[in-house]
Amino acid sequence: MKAAHVTDRVWHALLALRDGAAPLAPRNWTPPEVAAWELYAPLARRTGRPMRLAQIGQSLDGRVATPSGDARDVSGPDGLAHLHRVRALVDGVVIGVRTALHDSARLTVRLVEGPNPARVIIDPAGRLPDDAPCLARDGARRVVVQAVDRPRPPGVEVLHLPARGGWMAPDAIARALSGAGLSHVLIEGGGTTIAGFLEGGLLARLHVAIAPLIIGAGPSGLTTSPVARLADAIRPETHVYGLGSDILFDCDLTRPAATAAVPSAAAQRV
Ligand SMILES: NC(=O)c1ccc[n+]([C@@H]2O[C@H](COP(=O)([O-])OP(=O)(O)OC[C@H]3O[C@@H](n4cnc5c(N)ncnc54)[C@H](OP(=O)(O)O)[C@@H]3O)[C@@H](O)[C@H]2O)c1
């Protein structure tokens with residue numbers, strides 16, 4: 001595990017990379033600064049190809065909220081700062097409508113310097129009220145992906161997609177977002193939404209930040225189709241970073257781990 005420390009000079013180099021500057025080879029940086037660069041540069045760099053990352057902040061027992069839906073502060077302060085850094089480095093943040101309803105999510109960048117990303121809510125049946133905080137007019141793009149005909153407040157962009165049994169194909173969502181100029185995105189949750197993109201082979205990276213608390217019950221961060229044999233489990237190449245209050249697993253879903261018995265299905269599709 002490497003300690004990652006995002007100092008001002010690292011962060012400004014990352015914001016410049018996000019805005020198109022040539023990748024800067026870190027010189028005279030401390031090992032924790034170099035580790036921070038290695039962690040965030042793949043998210044900041046624009047290659048012309050889509051980059052979709054999912055991030056989960058969870059407890060030691062794999063929960064992202066209590067059974068009653070209290071999800072505030074599952075992550076520690078450094079895990080939250082990490083989430084805000086990732087938001088600042090992508091073009092858009094995607095959530096499912098249940099997260100939008102439960103968490104009153106604002107999805108803005110408040111804990112670090114950087115731009116607010118576009119906010120994308122997947123709301124097939126049009127359940128999100130017009131006065132939801134994530135639809136607030138604050139200068140950031142607001143996008144709703146829906147299957148029904150439902151008018152939205154002025155300025156909110158609507159991507160209309162077909163649904164089968166209420167489910168919209170995640171690859172169609174990804175294409176529609178790229179067509180809207182949002183190909184560098186963070187899938188922030190919840191677990192249902194992340195699982196759709198993961199099982200569709202649409203994620204390049206998965207970040208799991210673990211904070212030292214035990215909740216006992218409640219929704220888990222990720223629920224995918226179970227495998228019968230561990231040999232069939234998804235085993236991405238993973239680097240582990242100490243952020244301070246939280247430990248981060250940075251999983252590259254395009255590469256199976258060297259120890260994997262067989263390449264994962266998801267890794268083969270990305
Ligand atoms: N700690 C963290 O990192 C974190 C982050 C985010 C959320 N959370 C927690 O996660 C919980 C919510 O997660 P969740 O898994 O229950 O729900 P969710 O992923 O937030 O939302 C799921 C809903 O979004 C819609 N949806 C998503 N993908 C779709 C697709 N491909 N096609 C059609 N509809 C799609 C569906 O809406 P309909 O229901 O209308 O069909 C689906 O039921 C909350 O407790 C929240 O606090 C934690």
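Whatever order the structure lists ligands and atoms in, that order sets their numbers, starting from 1. No hydrogens, no waters, no symmetry mates; every other heavy atom, side chains included, goes into these values.
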Is there a side-chain contact (heavy atoms from CB on, under 4.5 Å) between L43 and L14? Walk through the geometry before answering. CA-CA 9 Å; L43 315 184; L14 288 164; over 6 Å; no
Counting only heavy atoms from other residues, nucleotides and ligands, does the tally under 6.0 Å from CZ of R141 exceed 12? yes
Can you pull out the closest protein heavy atom to [atom]? Residue, atom name and distance to 0.1 Å, please.
atom: atom 12 (C) of ligand 1; value: T99 OG1, 3.5 Å
atom: atom 38 (P) of ligand 1; value: R127 NH2, 3.6 Å
atom: atom 27 (C) of ligand 1; value: T193 OG1, 3.2 Å
atom: atom 31 (N) of ligand 1; value: M168 O, 2.8 Å
atom: atom 24 (O) of ligand 1; value: V97 N, 3.2 Å
atom: atom 3 (O) of ligand 1; value: G57 N, 2.9 Å
atom: atom 42 (C) of ligand 1; value: R98 NH2, 4.1 Å
atom: atom 41 (O) of ligand 1; value: P124 CG, 3.7 Å

Best match, P170, G166, G190: closest heavy atom to atom 13 (O) of ligand 1: G190
Using the ring of each side chain (for Trp, its six-membered ring), is W11 parallel, tilted or perpendicular to Y40, with breaks at 30° and 60°? perpendicular
Report the residues that fulfil side-chain contact (heavy atoms from CB on, under 4.5 Å) with A169, sequence neighbours left out, ordered by chain and then residue number. D171, A172
Exercise: identify the closest heavy-atom pair between A195 and L222: N-CD1, 4.0 Å
Please identify which atoms of ligand 1 are closer than 4.0 Å to at least one heavy atom of E188. 5 (C), 6 (C)
Check this for me, if you would: do R150 and D130 make a salt bridge, where the nitrogen-to-carboxylate-oxygen distance has to be below 4.0 angstrom? yes
